[in-house]
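I have placed the structure first, in the form of structure tokens, so that the comments after it can refer back to it.
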Amino acid sequence: MNERYSQILKACGIEEVNSGVCYGEWIENPSGGDLDVFTPICGSKLATVKMAGADDYDKVMEKSEAAFKTWRMMPAPQRGEIIRQLGNALREKRDDLGALVSLEMGKIFPEGVGEVQEMIDICDFAVGLGRQLYGLSMHSERPGHRMYEQWHPLGTIGIISAFNFPVAVWAWNAAIAAVCGDTNLWKPSSETPLTGIAIQHICNDLMKEHGLEGIFNLVVGRGSSIGERLIADKRIPLVSATGSCEMGYRIGEVVGKRLGRTILELGGNNALLVMDDANLDLALRGILFGSVGTAGQRCTSTRRIIVHEKVYDELIGKLVKAYATVPIGNPLDEGTLMGPLVNASAVEVMQAAIERIKTSGGKILCGGEPVTIDGLEGGHYVKPCIAEANNDWDIVQEETFAPILYAIKCTSMEDAIDIQNNVVQGLSSAMFTTNLLSAETFLSHRGSDCGIANINIGTSGAEIGGAFGGEKETGGGREAGSDSWKAYMRRQTNTINWSTDLPLAQGIKFGD
């Protein structure tokens with residue numbers, strides 16, 4: 001491992017061997033075995049993480065449950081003040097953490113910094129929530145009675161995050177849940193545990209200043225053991241999980257069986273529709289970032305472009321030329337626009353998908369092949385791919401987590417919307433058009449069936465402030481903005497009788 005990478009790790013508090021289990025204090029020798037962590041940039045080993053065993057998990061849960069009893073009694077504005085300080089602590093480490101994200105999972109440095117900025121933004125958003133956890137009051141039909149609703153924290157929230165956004169999605173959940181009065185137990189992806197450890201260090205330092213521990217907790221562990229234990233744990237009323245649809249089926253089944261709650265952010269098969277009246281230069285830029293950004297490893301990555309037949313050839317020609325100019329290489333280097341895939345398996349999955357495209361009758365217009373970068377021979381690089389395809393092919397109906405873009409012709413706006421909606425996933429969607437009627441139709445109940453629908457911007461790049469999530473097999477969950485805080489709390493309806501009578505609702509008479 002070179003000196004540059006060592007400096008990034010050191011700046012983020014990462015040592016050669018790290019415990020991956022913490023409740024405010026690190027468990028020094030957890031019993032779950034060792035996890036070696038490698039960078040996809042060049043294949044070098046970064047560190048070894050000691051994972052949680054069953055006893056370690058239970059110890060962290062016990063601490064979290066005990067901390068909840070104290071944390072829930074702190075007034076919400078005071079909890080918000082602590083989250084404000086967390087946001088400031090993240091500001092101080094923004095670039096270092098952004099570099100670690102790039103080093104560990106492979107997205108380019110500006111995207112890594114942008115992800116940390118999302119953490120800061122959600123902390124800012126959560127601070128305001130500390131004074132806005134509103135309930136409703138309503139008029140009772142009974143004289144001398146007052147009715148209202150209030151919201152109470154749930155307990156310990158389980159957070160299972162994916163490798164592609166190793167820290168931002170944790171913050172979407174943890175910052176809001178903490179302001180609501182919940183504690184949390186975070187299981188990061190085994191591909192990106194070091195970013196979890198770095199964030200836990202920051203949380204520990206802040207909580208110690210306030211005499212607290214057990215609010216933010218970390219368990220690095222295998223999905224087959226610690227992950228299964230977490231989702232089956234009745235002490236965890238809510239599990240928020242980001243990952244594949246297959247993972248979501250399992251989590252939904254296990255948590256639902258015990259009547260727990262879930263926030264599921266699962267696969268996306270996102271389409272960008274280009275109408276014949278679109279600004280093609282604008283569409284080209286939206287497609288390029290949506291399909292190539294994060295090497296196609298965003299849940300909101302553009303997977304399909306549905307292009308009106310009148311502008312299809314022109315747009316595809318421009319897009320193929322643009323793809324040929326994408327700088328591929330070390331994501332920490334200035335000027336790189338596409339880094340590596342997360343691991344060798346991701347490269348294999350992409351190659352298998354390309355073979356299925358060919359056998360289905362598709363045409364590869366450009367890219368798709370693995371790339372060797374000088375000096376980074378152990379990295380997992382590919383050229384982004386564009387393929388002509390039919391929407392109903394099995395391979396197109398699935399989500400391949402790699403930079404493969406399917407180009408599909410349409411004949412009209414109605415045809416484009418039908419194609420866009422004819423997949424099982426429903427996360428993000430976009431239409432490029434200068435026609436007001438087309439735009440409003442796409443955003444109406446007759447249009448996109450996704451949780452996110454955009455006009456003249458791409459499918460990728462959601463802002464804090466709006467609720468993030470999707471429909472159908474994307475899971476139906478919502479995180480981050482709007483009123484998503486309600487998922488982390490329980491609603492209680494209260495009625496107070498301030499009269500000397502005891503009338504019953506609906507005018508019921510019972511006895512004298």
Side-chain angles (χ1 to χ4, degrees), residues 39-42 98 101-103 105-115 164-165 268 270-272 274 279-305 307 312-344 346-347 349-351 353-354 357 362-389 399-407 428 430 432 457-461:
T39 175
I41 296 174
C42 62
V101 169
S102 297
L103 179 63
M105 72 77 50
K107 66 175 62 174
I108 62 174
F109 178 66
E111 288 190 70
V113 172
E115 180 171 352
N164 60 331
F165 279 84
N270 314 297
L272 187 150
V274 182
N279 180 327
L280 294 189
D281 290 335
L282 200 65
L284 180 68
R285 292 169 61 189
I287 295 166
L288 196 63
F289 175 70
S291 57
V292 174
T294 323
Q297 296 174 116
R298 290 183 174 221
C299 49
T300 54
S301 289
T302 305
R303 307 288 177 202
R304 299 172 292 146
I305 53 171
V307 185
Y312 181 88
D313 290 340
E314 181 182 356
L315 178 64
I316 296 302
K318 290 182 177 181
L319 196 57
V320 169
K321 289 181 181 178
Y323 263 50
T325 67
V326 172
I328 302 168
N330 190 323
L332 292 167
D333 290 347
E334 187 175 353
T336 298
L337 289 185
M338 193 176 109
L341 295 181
V342 69
N343 54 33
V347 178
V349 167
M350 180 176 177
Q351 298 310 302
I354 288 173
I357 294 167
K363 180 181 179 181
I364 303 301
L365 300 178
C366 67
E369 63 269 28
V371 177
T372 299
I373 307 295
D374 290 343
L376 305 174
E377 285 77 10
H380 311 302
Y381 299 90
V382 296
K383 288 186 178 180
C385 174
I386 305 173
E388 286 187 322
E399 179 189 40
T400 301
F401 224 55
I404 299 176
L405 179 67
Y406 299 111
S428 187
F432 278 77
I457 63 170
T459 63
S460 192

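Values reported hereafter were calculated over all heavy atoms of this structure, with side chains retained and with hydrogens, waters and symmetry mates removed. All of these numbers come straight from a predicted model, not from anything done at the bench.
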**Study point:** Euclidean distance, I404 CD1 relative to R304 CZ, rounded to 0.5 Å
**Key:** 14.0 Å
Practice item. Please report the closest heavy-atom contact between A407 and I386, naming both atoms and the distance. Key: CB-CG2, 4.4 Å
**Study point:** Shortest non-hydrogen contact between I357 and A387, atoms and distance
**Key:** CG2-CB, 4.0 Å
Check your understanding: For F165, which residues count as a ring-ring contact (aromatic ring centres under 6.0 Å, His included) partner, sequence neighbours excluded?
Key -> none
Check your understanding: Are any of the side-chain heavy atoms of L405 and P384 separated by less than 4.5 Å?
Key -> no
Point to revise | Among I305, L280, L282, N279, the one residue meeting side chain to side chain contact (heavy atoms under 4.5 Å, CB included) with F432 | key: L282
Point to revise | Which residues share a side chain to side chain contact (heavy atoms under 4.5 Å, CB included) with K321, sequence neighbours left out | key: none
Practice item. Could you tell me the separation between the CD atom of E399 and the SG atom of C299, rounded to the nearest 0.5 Å? Key: 8.0 Å
**Study point:** Polar side-chain atom of T336 near backbone of I328 as donor-acceptor pair, under 3.5 Å
**Key:** no
Check your understanding: For L103 and P40, which heavy atoms make the closest approach, and how far apart are they?
Key -> O-CD, 3.6 Å
**Study point:** Other residues, nucleotides, ligands: >12 heavy atoms within 6.0 Å of K383 NZ
**Key:** no
Exercise for review: List the atom of G112, the atom of S102, and the distance in Å for their closest heavy-atom pair.
Suggested key: CA-OG, 4.2 Å
Practice item. Supply the atom-to-atom distance L272 CG to S428 OG, rounded to the nearest 0.5 angstrom. Key: 9.0 Å
Please tabulate, for side-chain N and O atoms in residues 283-297, each donor-acceptor pair with protein atoms closer than 3.5 Å (sequence neighbours left out).
unit_1, atom_1, unit_2, atom_2, d
S291, OG, I287, O, 2.7
S291, OG, Y323, OH, 2.7
T294, OG1, E111, OE1, 2.4
T294, OG1, R298, NE, 2.8
Q297, OE1, V342, N, 3.1
Q297, NE2, T294, O, 3.2

Exercise for review: Using the test side chain to side chain contact (heavy atoms under 4.5 Å, CB included), find all partners of E388 that sit at least two apart in sequence or belong to another chain.
Suggested key: Y312, K363, L365
Exercise for review: Using atom types as modelled and distance alone, determine if a side-chain donor or acceptor of N270 lies under 3.5 Å from a backbone N or O of R303.
Suggested key: no
Point to revise | Atom pair SG (C385) and CD1 (I364), whose distance is rounded to the nearest 0.5 Å | key: 4.0 Å
Study note, to complete from the structure: Nearest heavy-atom approach of P340 to G106 is CD-O, 3.4 Å
Check your understanding: For the side chain of T372 and the backbone of E377, is there at least one donor-acceptor N/O pair under 3.5 Å apart?
Key -> no
Check your understanding: Between atom CD1 of I41 and atom CG of N330, what is the distance when rounded to the nearest 0.5 Å?
Key -> 4.5 Å
Check your understanding: Which atoms form the tightest heavy-atom contact between Y406 and A389, and what is the distance?
Key -> CD2-CB, 3.8 Å
Review point. Considering only heavy atoms from C-beta outward, does the side chain of K318 approach that of D281 to under 4.5 Å?
Key: yes
**Study point:** By side chain to side chain contact (heavy atoms under 4.5 Å, CB included) - contacts of P370 (at least two apart)
**Key:** V347, Q351
Revision key, fill the gap. One should read off an interatomic distance between K107 NZ and L332 CG, to the nearest 0.5 angstrom, of 13.0 Å
Practice item. Provide the full list of salt bridge (charged side-chain N to carboxylate O under 4.0 Å, His left out) pairs with a residue in residues 323-340, sequence neighbours left out, each pair given once. Key: R4-D333
